[in-house]
Structure formats: C-alpha cells, structure tokens
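Predicted, not measured: the structure shown is a model, and the values here were computed from it. Atom set for the values below is all heavy atoms of this structure, side chains included, hydrogens, waters and symmetry mates excluded.
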Amino acid sequence: MKDKREDISLTDNNTNTAGPCREDLFALAVSFFLSIIYLFQSPLHPWIRGLPGKDSNVFRTVAFMMSKGYFPYKDTFDHKGPFLYILEYLGQMISGDSGIWMIELISLTVSAFFMYKTARLVCGKTSSVIASLLACRLLFDYLHDGNMSEEYAMPFIALALFIFLDYLINDKINVLRLILSGAGLGTVLMLRPNMISTWIVFCIYIAVRLFRAKEYKKLLVRTGWFLCGVLIVTAPMIIWIIANGAFSCFWDSYIVFNLHYSSVEGGTLISDQWATSLSFANTSIFIISFSILFYQLKETKKKWNIIIYLIYLSLTVLLIGLSGMQYGHYGVILIPALVYPLSLLFSDIEAIKQKDIRKVFLMIVSLFALSIFIVPSWLDVIARIPSIIESKDISKIEQDAELNAILDIIEEHTTEDQPISVYGNQDFIYLLSNRKHATRYSYISPIGYIQPEFMDEYFSQLSEELPNVLIVEKGFFEDRINAFIAGNNYVKEYATAADYDPRLEVYTR
C-alpha cells in the first residue's frame, strides 16, 4: 500500500484524482468570482479610482518611492514588513493602483479556496460552502478600504490551517506541505509578526506529539524541511535589505518601534489591549465558533485537537489586541480561523442517522445562516455594481475642487524631481501629485506621538531640505509646525474649506 506521506499534492487523499480535481477547479472559480464581487468595494478598483485609507496610502507611497530609486526604512519610513512593500511595488509596476487591486484579487481568491478546502476535511460540499461564506461574512466588517497587511497574510494562514488540520485529522504530510507551511510563516513574519499565532500553536503541538511518541528522527527531518520553507522566503528579503545598507533602519523600524508601539512604555495600556482583544471576540460568528468548539470537547477522539484549536483562537485575539487599537482590519486574520469550527457544526448535522431529520436540520441551519449573516451583505455590494459601471469613466478625484486646487499649487511651485512634505498623515497627496516626499518621513502622525525622536529627526531634515511646498493637516502638533513656518519664510497659499476632510493648509516659499 502506498504511504500517504509520499503524495506531493495538496488535494484530497483519494487515489482517483479526477473528482477532487474537478471540485477544486470549480471551488477555485467560485472563489475567484466571489472575490471579484467583494472587491467592487475596493477604492483601488479600476472602475472606482477612489482614495484608499491612510495605511494603504502609506504603503503605496513607500512603493512609489521605491520606483524613484529610494529604499524602504532607510529613505522612506514605515514599520510594516518588507514583503508588503514588495507586493505594493509589484502591483504598481503591473498597472498602478489597478495592479495592487489584482494582487488583492489573487489574495482573496486563494484565501477563499483554502477555507473551502479546510471545511471539506470534515463536511460535505454544500455545508463547506455555507461554512466558508459564514466566516467570510466578517470581511464586510473588517476589510473596508482594502490593501492591508492582514489581507495579504490571510491566504498563507488559510493554507497553513488546511495543511495542519489535514495532518491532524488524516495524518497527511509531505515535503511540499512542510516547505509551503514554513514559507507561509516566513511570509507572514515579513508582513507583521503578531499574525503568526497559527504557526506558534500548531507547530508546538505537533512537535510535542512527535516528541512524546519518541519519533525524534521524524521531528528533526520535518523541522528541517519546515525551516527550509521559512528561509526560502526570509533569507532573500534580509539579504536584499543588508545589500542596500538598510538593516539597522529595518531593525529599528520593524522590530524596535513595533515593540515600543505595543508596549506600556509606548503608551499602550493593558486595559486597552484587553478591551481590543475582547472587541474582536465579541461578534456573533466568533462566539458561535467558540461555542461549537466547547461542545466538541465531548468527542474524546478529537479532544486534544479541539483544545489546541481553542488555544489557537484565544492566542489570535490576544495578539490582535497587542496594539490596544481597535482597527477593524486587525480582525481579518480571524476569518480563515473560524471556518473549521463552523464546519464542525455541519459535520455533526451530517452525521445524524435519520435521513429526514438530517435534511431538516441542514436546511434550517443553512437558511438561517444565508438569510441572517450571508446574503444581505453580498446583496448590498451587488446592488451598487450597476452604478459603479455607469460611473466608471468619471473620476471622483477630478471632481474634487479642493484637492485639485492643492495639486495645481504643487504643480506650479515644484517640478517632478522636487520633493514636498505633508505634515500629518495624508500620503495620497504625494501619489496624486507624483512628488516624492522630503525628509525620511512621508507622515508624522501618529508615530511622532509614540516616539518623539522621530519628530525631532523630521524637523531637523525639514530644516535642511526646506521644500518649496509644505502641506499641513490641521490638528497635529500645531505649535511646532507653526513656529517652523514662521521661521522659514513660508507663505500660506491655500486652505481647504472648514468642512473639508482632511482640513489642509498649503504653504510655499
């Protein structure tokens, strides 16, 4: 008999692959179609061309600076991992903002596909679809503007969960899966390290199981292949950073600053961290999922798997809460994590022996999930699609008189190779004006509050460079910026209307 561990595919264990292949292709096509529909909400959609959120604009600005020959961390500050900026840069090279939207599409498609594959480990096709859609309902709550690091971590988390659970349930593992799982960890480490709860919990659990079974050789070999996967991703990025003389800046920005950002010394209160964690646990779908796992503890055959999964969900929400900030996009990494417990509910229903009762239960639960949680959100998006198509040739930016007045002033007082500075956090101005930013900092809020030496460095560099155009977002460090403007002969050229968001003032010299 062929050992299951020799199989190098990611499909089901069946020796007849025609069925699973057809099912996988269909699941992939449906995942792609649903992702296209969902991403009609993205401001980066080629037919919408809107203004994304602040974080997205910062990431795109880093990529924009890279296209001008500058290097992340060293020449343009931000505190996410290098893989994010590589994705942003690739997207812009493919087709500007539309290229980034295409990467979003791939990310969501892969995530949805492996969520379905995870559900199929324990329940049927229809039930797997419902469980996946039920978990994806949280996308509408957590992923608003898109182009976030959590969005790009999601496919790697979904794939890793499928690999770990297929091993725990079916004892299926091979070299390819070990390398892919390790590569997933490496990728997420190069996005943001507080999203690695999947690997922390399941790697430790599996290692302990193998150690207790005295399978030391197997543990060493599998660990070796797993670490190969990690290094395949992380080593080239670290070498790239070192080769560009940016490692110390990378370390200070990505490691030191983020530790400070999520610490009590950095202004984060334990009470805020606790409240943030509980806020992400306080959703109907999470509570249902957690309750299902507790109910499953009565099943002695899979008791330890369930305990570990409960620990995994708990650790995930605790890591989400480290910053103490209740930003919705932090919860995106919970979405693939909730598919498995939801699919266990359908698995129990499918196990009911009386056929008629089983059908009734499945119908009731499915209709309830569809009508209450799933369909209304998707219909809201679908309802907006015709108006998006009708207005696809109309630029919202060109219709913004206040914004265009600012862009005109930048055009008048600078050339494309002359930098400007935006004081606050409005990086979209660099992108729309096609101007690089003065100083190392494209934005100064909130990082100037968290680490005041960044503010000192910003003003020191600003005094040296004295850009021709300085744009001030009102409400940030007023005294210091006002003193700088007065002391360096800047003249106010324009101020947006009082009700314009963001409230901006434009200064030239």
Side-chain angles (χ1 to χ4, degrees), residues 34-35 38 41 53 55 107-108 111-112 114-116 118-119 123 127-146 148-151 153-155 157-158 161 192 194-198 201 271-297 306 308-348 364-381:
L34 291 176
S35 297
Y38 178 82
Q41 298 186 113
D55 286 355
S107 177
L108 285 181
S111 302
F114 279 107
M115 287 166 65
Y116 172 81
T118 298
C123 62
S127 297
S128 296
V129 171
I130 301 295
S132 300
L133 287 173
L134 196 52
C136 284
R137 166 62 185 79
L138 291 174
L139 277 173
F140 297 92
D141 297 327
Y142 292 153
L143 191 62
H144 302 295
D145 289 328
M148 307 301 292
S149 58
E150 295 84 2
E151 183 180 3
M154 194 162 58
I157 294 170
L161 280 172
R192 208 177 73 225
N194 71 326
M195 300 189 290
I196 63 168
S197 57
T198 307
V201 172
S271 58
D272 290 335
Q273 294 174 326
W274 182 243
T276 298
S277 295
L278 288 182
S279 72
F280 286 100
N282 189 23
T283 66
S284 298
I285 294 174
F286 185 91
I287 293 169
I288 290 169
S289 301
F290 216 76
S291 301
I292 291 168
L293 290 171
F294 267 108
Y295 177 79
Q296 293 288 327
L297 285 173
I306 300 302
I308 292 304
Y309 213 92
L310 283 165
I311 293 171
Y312 163 53
L313 287 184
S314 301
L315 179 62
T316 301
V317 294
L318 287 174
L319 290 178
I320 287 173
L322 280 179
S323 72
M325 305 289 186
Q326 297 184 25
Y327 297 133
H329 58 86
Y330 287 174
V332 168
I333 62 171
L334 280 171
I335 293 170
L338 298 180
V339 170
Y340 176 64
L342 291 170
S343 63
L344 288 174
L345 171 63
F346 288 97
S347 177
D348 280 353
I364 291 173
V365 173
S366 298
L367 288 175
F368 179 80
L370 285 166
S371 60
I372 301 299
F373 292 109
I374 299 170
V375 173
S377 298
W378 287 96
L379 285 180
D380 284 343
V381 176

Worksheet item: Is any side-chain heavy atom of L297 less than 4.5 Å from a side-chain heavy atom of L310?
Response: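 Yes, their side chains come closer than 4.5 Å.
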Fill in: Side chain proximity check, L133 to L34, heavy atoms < 4.5 angstrom
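Yes, side chains in contact.
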Nearest 0.5 Å, please: how far is [atom2] in [Y] from [atom1] in [X]?
X	Y	atom1	atom2	result
M154	C136	CE	SG	6.5 Å
F368	L134	CZ	CG	9.5 Å
L315	I320	CG	CD1	10.0 Å
Q326	D272	CD	CG	8.0 Å
Y309	I292	OH	CD1	11.5 Å

Practice prompt. Report the relative orientation of the aromatic rings in H329 and Y327; use parallel for angles under 30°, tilted for 30 to 60°, perpendicular for over 60°.
Written response: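 Taking Y327 first and then H329, their aromatic rings lie parallel (interplane angle under 30°).
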Worksheet item: Yes or no on side-chain contact (heavy atoms from CB on, under 4.5 Å) for L143 and Y38, after CA distance, side-chain angles and deciding distance?
Response: CA-CA 10 Å; L143 191 62; Y38 178 82; 3.5 Å; yes
Worksheet item: How about Y312 and T198: does a side-chain donor come under 3.5 Å of a side-chain acceptor?
Response: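 Their side chains do contain a donor-acceptor pair, which is all the 3.5 Å distance test asks for.
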Using every non-hydrogen atom in the two residues, find where [X] and [Y] come nearest and quote the distance to one decimal.
X	Y	result
L293	I306	O-CG2, 3.0 Å
V381	F140	CG2-CE2, 3.5 Å
P376	L370	CD-O, 3.6 Å
T316	S197	OG1-OG, 2.7 Å
T118	A158	OG1-O, 4.1 Å

Item to complete: Taking salt bridge (charged side-chain N to carboxylate O under 4.0 Å, His left out) as the test, write out the residues that go with E151, two or more places apart.
Response: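 In terms of salt bridge (charged side-chain N to carboxylate O under 4.0 Å, His left out), with neighbours along the sequence ignored, E151 is linked to no residue.
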Which pairs would a plain distance check flag for residues 338-348, meaning a side-chain donor or acceptor within less than 3.5 Å of a matching protein atom at least two apart in sequence or in another chain?
| unit_1 | atom_1 | unit_2 | atom_2 | d |
| --- | --- | --- | --- | --- |
| S343 | OG | V339 | O | 3.2 |
| S343 | OG | Y340 | O | 2.6 |
| S347 | OG | V122 | O | 3.0 |
| D348 | OD2 | Q296 | NE2 | 2.6 |

Worksheet item: After noting the C-alpha distance and the side-chain angles of M115 and I335, does the key distance pass the side-chain contact (heavy atoms from CB on, under 4.5 Å) rule?
Response: CA-CA 9 Å; M115 287 166 65; I335 293 170; 3.6 Å; yes
Worksheet entry | Partner residues of Y116 under the side chain to side chain donor-acceptor pair (under 3.5 Å) criterion, sequence neighbours left out |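 Result, side chain to side chain donor-acceptor pair (under 3.5 Å) vs Y116: E23.
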Worksheet item: Considering residues at least two apart in sequence or located in another chain, which fulfil the side chain to side chain donor-acceptor pair (under 3.5 Å) criterion with N194?
Response: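 Checked N194 against side chain to side chain donor-acceptor pair (under 3.5 Å); matches are R192.
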Worksheet entry | Pairs flagged by side-chain hydrogen bond (donor to acceptor under 3.5 Å, both in side chains) wherever residues 132-142 is involved - sequence neighbours left out |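 Sorted pair list: R137-D141, R137-S377.
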Exercise answer: donor-acceptor pairs, residues 277-286 side-chain atoms, under 3.5 Å, sequence neighbours excluded:
| unit_1 | atom_1 | unit_2 | atom_2 | d |
| --- | --- | --- | --- | --- |
| S277 | OG | Q273 | O | 3.1 |
| S277 | OG | V317 | O | 2.8 |
| S279 | OG | T276 | O | 2.6 |
| T283 | OG1 | F286 | N | 3.2 |

